[in-house]
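Below: the structure, in structure tokens.
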Amino acid sequence: MLASDFGNLKDEISMVNNSKADWFHIDVMDGVFVPNISFGTPIMNVLKKCAKKPLDVHLMIVNPDNYIEKFAELGSSVLTVHAEACTHLHRTVQKIKSLKIKAGVAINPHTPISSLESIVNEIDLVCIMSVNPGFGGQSFIENTYQKIEDLKSLIDKKNSKAIIEIDGGVTSKNAKKLVDKGADVLVAGSFVFKSDNPTETISTLSNLIN
Ligand code: ZN
């Protein structure tokens with residue numbers, strides 16, 4: 001939703017409701033963890049009211065522990081925190097799970113998959129950032145394919161049930177390859193919302209990977 005037109009938020013939400021998209025992906029940025037500020041609870045309130053699909057909330061903020069309960073109340077189905085932002089990641093993940101929502105961990109492009117070794121069995125989703133977080137519309141980092149392979153091996157080795165989400169620079173050019181490598185969830189922002197026909201773009205992406 002970061003790439004949507006906030007001036008027409010209700011229409012943008014309806015478009016997603018009536019499209020082949022499975023989830024809403026919501027990027028919350030604090031201007032500290034990432035060099036940009038996106039939006040906070042007022043926009044989440046509108047999403048909670050109008051969205052008819054699960055809310056996949058990606059907290060790109062420092063001290064996410066302080067906001068977990070709030071975002072759970074605001075209807076998050078999946079709540080993802082950044083490994084780099086959590087000193088006590090295991091505790092943060094347990095806190096999310098205690099609120100009966102799915103727990104995700106996101107990693108920035110420079111963070112190796114091996115850093116997830118001790119947490120991958122505790123979580124429902126790993127979000128691999130395929131751009132440096134902070135802004136929409138950036139180009140895809142090619143090393144992501146290797147990271148998906150590494151994560152897939154780690155998940156298999158550990159018998160984890162975590163699914164793999166790719167966030168950043170997803171287009172019709174890389175969607176199929178990402179899924180072939182093992183991605184379960186693709187986040188598309190600018191590619192959808194800046195296209196001439198977002199509903200059709202979502203269909204195209206969906207047809208490529210299903
Ligand atoms: Zn995101």
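Numbering of residues begins at 1 and proceeds along the displayed sequence.
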V57 and V78: CA distance, side-chain angles, deciding distance, side-chain contact (heavy atoms from CB on, under 4.5 Å) verdict: CA-CA 6 Å; V57 177; V78 184; over 6 Å; no
Flag, side chain of [X] to backbone of [Y], donor-acceptor distance under 3.5 Å:
{"X": "N63", "Y": "N66", "value": "no"}
{"X": "K147", "Y": "T111", "value": "yes"}
{"X": "S206", "Y": "I202", "value": "no"}
{"X": "S76", "Y": "F71", "value": "yes"}
{"X": "D30", "Y": "V62", "value": "yes"}
{"X": "D184", "Y": "I164", "value": "yes"}

About how many Å separate [atom2] of [Y] and [atom1] of [X], when rounded to the nearest 0.5 Å?
{"X": "D11", "Y": "M15", "atom1": "CG", "atom2": "CE", "value": "10.0 Å"}
{"X": "Q138", "Y": "S130", "atom1": "CD", "atom2": "OG", "value": "9.5 Å"}
{"X": "S4", "Y": "I13", "atom1": "OG", "atom2": "CD1", "value": "7.5 Å"}
{"X": "D167", "Y": "T144", "atom1": "CG", "atom2": "OG1", "value": "10.5 Å"}
{"X": "L99", "Y": "Q94", "atom1": "CG", "atom2": "CD", "value": "11.5 Å"}
{"X": "L154", "Y": "L151", "atom1": "CG", "atom2": "CG", "value": "6.5 Å"}

Flag yes if more than 12 heavy atoms outside [X] fall under 6.0 Å of its [atom1] atom; otherwise flag no.
{"X": "K194", "atom1": "NZ", "value": "yes"}
{"X": "Q146", "atom1": "CD", "value": "yes"}
{"X": "Y145", "atom1": "OH", "value": "yes"}
{"X": "E149", "atom1": "CD", "value": "yes"}

Sub-6.0 Å ring centroid separation between F191 and F140: no
Check against side-chain hydrogen bond (donor to acceptor under 3.5 Å, both in side chains), H58 and D56: CA-CA 7 Å; H58 180 185; D56 174 30; over 6 Å; no
Check: T201/S195 side-chain N/O donor and acceptor closer than 3.5 Å: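 Result is yes, a qualifying pair exists.
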D65 side chain to T92 side chain, donor-acceptor N/O pair below 3.5 angstrom: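 Their side chains do contain a donor-acceptor pair, which is all the 3.5 Å distance test asks for.
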Which residues share a ring pair (Phe, Tyr, Trp, His ring centres under 6.0 Å) with F39, sequence neighbours left out: F6
Stepwise side-chain contact (heavy atoms from CB on, under 4.5 Å) check, V28 with M60: CA-CA 6 Å; V28 179; M60 297 186 223; over 6 Å; no
Linked, directly or transitively: [X] and [Y] (ILVMFWY side chains, under 4.5 Å):
{"X": "V185", "Y": "I26", "result": "no"}
{"X": "L59", "Y": "V187", "result": "no"}
{"X": "I148", "Y": "I163", "result": "no"}

Stepwise salt bridge (charged side-chain N to carboxylate O under 4.0 Å, His left out) check, D124 with K161: CA-CA 6 Å; D124 301 288; K161 58 177 174 27; 3.3 Å; yes
Regarding [X] and [Y], does a basic nitrogen lie under 4.0 Å from an acidic carboxylate oxygen?
{"X": "K97", "Y": "E122", "value": "yes"}
{"X": "K152", "Y": "D156", "value": "no"}
{"X": "K157", "Y": "E117", "value": "yes"}

Test side chain to side chain contact (heavy atoms under 4.5 Å, CB included) applied to L74 and T41, L47, L79, I43, the passing residue: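 Passing option: T41.
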Worked check of side-chain contact (heavy atoms from CB on, under 4.5 Å) between V16 and K52: CA-CA 9 Å; V16 178; K52 295 185 181 134; over 6 Å; no
For a 4.5 angstrom cut-off between non-hydrogen side-chain atoms, does [X] reach [Y]?
{"X": "K53", "Y": "S19", "result": "yes"}
{"X": "W23", "Y": "E165", "result": "yes"}
{"X": "L89", "Y": "V105", "result": "yes"}
{"X": "M29", "Y": "I37", "result": "no"}

Residue pair N207, K20: steps toward the side-chain contact (heavy atoms from CB on, under 4.5 Å) verdict: CA-CA 9 Å; N207 292 339; K20 288 175 93 176; 2.8 Å; yes
